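Both counts, for ligands and for their atoms, begin at 1 and track the order of listing. Remember, it's a predicted structure, so these values are computed and weren't measured experimentally. This chain uses plain numbering: 1 for the first residue, then up along the sequence.
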Amino acid sequence: MKLLTLALGMTIGTSISSAEQGLALVAESPAMSKLSGKTSSGKKQVKAKTKHGKAPAGRPGESAEARNARMKWWREARFGMFIHWGPSVVLDGAYKGKKVPGFSEWIMAKAEIPIAEYKECAKQFNPVKYDPEAWAQIAKNAGMKYMVITAKHHDGFAMFDSAVTDWDVVDATPYGKDLLKPLVEACRKQDVKIGFYYSQSQDWCNGGESRLKKWDPAQKNISNDEYLKTIAVPQVRELLTGYGDLDMLWWDTPGKMVAERAELFNFVPELQPSIIENNRLQRGKVKGDFGTPENEIPDSALGFDWETCMTLNGSWGYKSYDKKWKSSDKVIQNLVGIVSMGGNYLLNVGPTAEGEIPPASVKILDEIGAWMKVNSEAIYGTTTSPFEAPEWGRYIRKGNTLYACVSAWPADGTLSVSSKGFSFTKATLLADPDAAINLEAKGETLTLTGLPEKAPDQSVTVIRLK
Ligand code: JFZ
């Protein structure tokens, strides 16, 4: 693992190339390839993978054309909201008076809470302030085009009314209503795509596997195959038949999911031909439509579709004492860094037991939204440029347009931009479209002069070059 700290102030990790790692798919936007005649990065196609971003194999037998049509909205969207929510948030990251370090949604396993005791949490899980319309609105205001919510996390709790277990929101909580349905409806209404996260193998209460040692004799010792047959397969079927067409299915922790077990879910594309799946269904992360580097920003285009997920503080699930919030500047720089390398950014919020997205998260998202209102044309439907990342920021490209995304604003009002293969005649500051900027082309470089002394945008200032 190579760690680089670039001008953006981001720590970027990648491990490039391993002999066995072929390039299964090239996620290239058709508009991109024409100019360079090369890959979307313009460089030699790198056999690259990040630690967790292995090339996904796609859907067996699907034509490139069908695949491109299916992936279209997702490739254009670039920015989505992840939501980790469930009865674990009732504990607020503490057990028997002691803080439990780590992700709050892992507290049951980390603190080895017996099933019977953990299930008491559900009796206090009563999110009366849950307002799915407001959630969809928060995502939309931030410029997010899709949403993925935990339908079942590793604690096995179903956020919907499952016929195969009582360990679900309808049977086990005072709230007593499906939490997913109104969110799906709200998202559809507001034109936000919606997908479900589903932990298909790990399930601490219903007999699935545990990545940590089992800690309670009440944890059923049924085989993985039995678990999949009695819980995971029927539940995924419930999810795919109860909510109309879903946009995404986000599998997680494929531990014991060998190929034969993953095949049990072959009905997914049959039931929902247009659904998009991540690469965490099968062990080895080979199946699926996109890679899932976690908390990583690759420093080169990967040659396949990928999405980096990240949370706003240090936990996916809510934990009131985790106040390590990322600044909106940081998140914007991450977004720009990810998009410049051809990826999507799935940014997580953890709602409270009452059903509210924490105000601290909403504030960050609002700030991102303000930036997106000015600069989103450099995000949606864009992809990698043919150029290496410059010292001052990142390049993002859309057809013949290049977006210079500047995070280190030049004090002398002058910026050197790579321009090989383009013929730019106009430079525009998205944050100040009327400002006059001079262009001077020399060889493969374009020099911009007369830039304002102070960066017009606090985080990343975008200059559109046409
Ligand atoms: C998993 C979950 O265990 C976690 O609770 C959360 O839902 C997160 C989004 O996904 O955690 C992982 C999964 C994969 C890696 C790291 C954490 N990984 O590949 O490095």
Side-chain angles (χ1 to χ4, degrees), residues 1 3 11-15 18 21 49-56 80-89 91-93 100-111 113 118 121 146-159 195-206 208-214 232 248-257 277-288 290-298 302 304 306-319 322 326 334 338 343-351 361:
M1 159 90 72
L3 285 174
T11 304
I12 287 169
T14 42
S15 61
S18 69
Q21 178 63 51
K49 61 167 187 174
T50 63
K51 197 161 152 238
H52 309 293
K54 250 187 169 176
M81 177 183 272
F82 211 177
I83 301 177
H84 274 69
W85 198 31
S88 58
V89 299
L91 294 171
D92 192 16
V100 180
F103 302 150
S104 78
E105 74 279 7
W106 270 81
I107 192 168
M108 183 187 180
K110 290 272 170 70
I113 306 175
Y118 185 76
C121 292
Y146 62 103
M147 194 184 266
V148 178
I149 184 169
T150 47
K152 188 200 84 168
H153 205 267
H154 309 329
D155 64 3
F157 180 85
M159 302 283 276
F196 293 153
Y197 167 110
Y198 188 85
S199 174
Q200 75 278 18
S201 185
Q202 199 163 195
D203 186 325
W204 305 324
C205 289
N206 296 310
E209 69 163 307
S210 171
R211 297 294 288 281
L212 304 180
K213 218 170 57 232
K214 293 201 175 177
M248 286 171 78
L249 198 49
W250 216 98
W251 308 101
D252 203 7
T253 59
K256 294 190 171 157
M257 297 294 293
E277 298 170 74
N278 74 351
N279 70 339
R280 292 188 183 181
L281 171 63
Q282 187 179 318
R283 221 178 126 163
K285 296 173 179 164
V286 283
K287 276 204 150 179
F290 62 91
T292 49
E294 186 157 317
N295 284 314
E296 284 181 291
I297 302 177
L302 299 184
F304 52 81
W306 56 276
E307 173 191 76
T308 288
C309 57
M310 238 183 241
T311 189
L312 274 173
N313 53 358
S315 175
W316 303 93
Y318 177 74
K319 188 162 151 174
D322 182 341
K326 295 177 179 68
N334 288 345
I338 288 165
N344 279 14
Y345 194 21
L346 187 65
L347 186 62
N348 181 76
V349 298
S361 306

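Nearest heavy atoms, Gln200 versus Leu281: NE2-O, 3.0 Å.
Evaluated by nearest non-hydrogen atom to atom 8 (C) of ligand 1, the leading choice among Asp155, Asp252, Asn295 is Asp252. The closest heavy-atom contact to atom 7 (O) of ligand 1, among the options Arg211, Met310, His84, comes from His84.
With 3.5 Å as the limit, one finds a donor-acceptor pair spanning the side chains of Asn334 and Tyr345. In summary, the side chains of Ser88 and Glu105 do not present any donor paired with an acceptor at a separation below 3.5 Å, with no hydrogens or angles considered. Side chain to side chain, Tyr197 and Asp252 meet the donor-acceptor criterion of an N or O pair below 3.5 Å.
Aromatic ring centroids of Trp85 and Trp316 lie 6.0 Å or more apart.
The shortest N/O to N/O separation between Glu105 and ligand 1 falls below 3.5 Å. In terms of N/O distances under 3.5 Å, ligand 1 is approached by His153.
For ligand 1, the atoms sitting less than 4.0 Å from at least one non-hydrogen atom of His154 are 2 (C), 3 (O), numbered in the order shown with element in parentheses. Against a heavy-atom cut-off of under 4.0 Å, Trp106 is close to the following atoms of ligand 1: 2 (C), 3 (O), 4 (C), 5 (O). Residue contact check: Tyr197 has heavy atoms under 4.0 Å from atoms 7 (O) of ligand 1.
The shell of residues lying under 4.0 angstrom from ligand 1, judged by heavy atoms, excludes Gln202.
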Check against side-chain hydrogen bond (donor to acceptor under 3.5 Å, both in side chains), His154 and Ser199: CA-CA 6 Å; His154 309 329; Ser199 174; 2.8 Å; yes
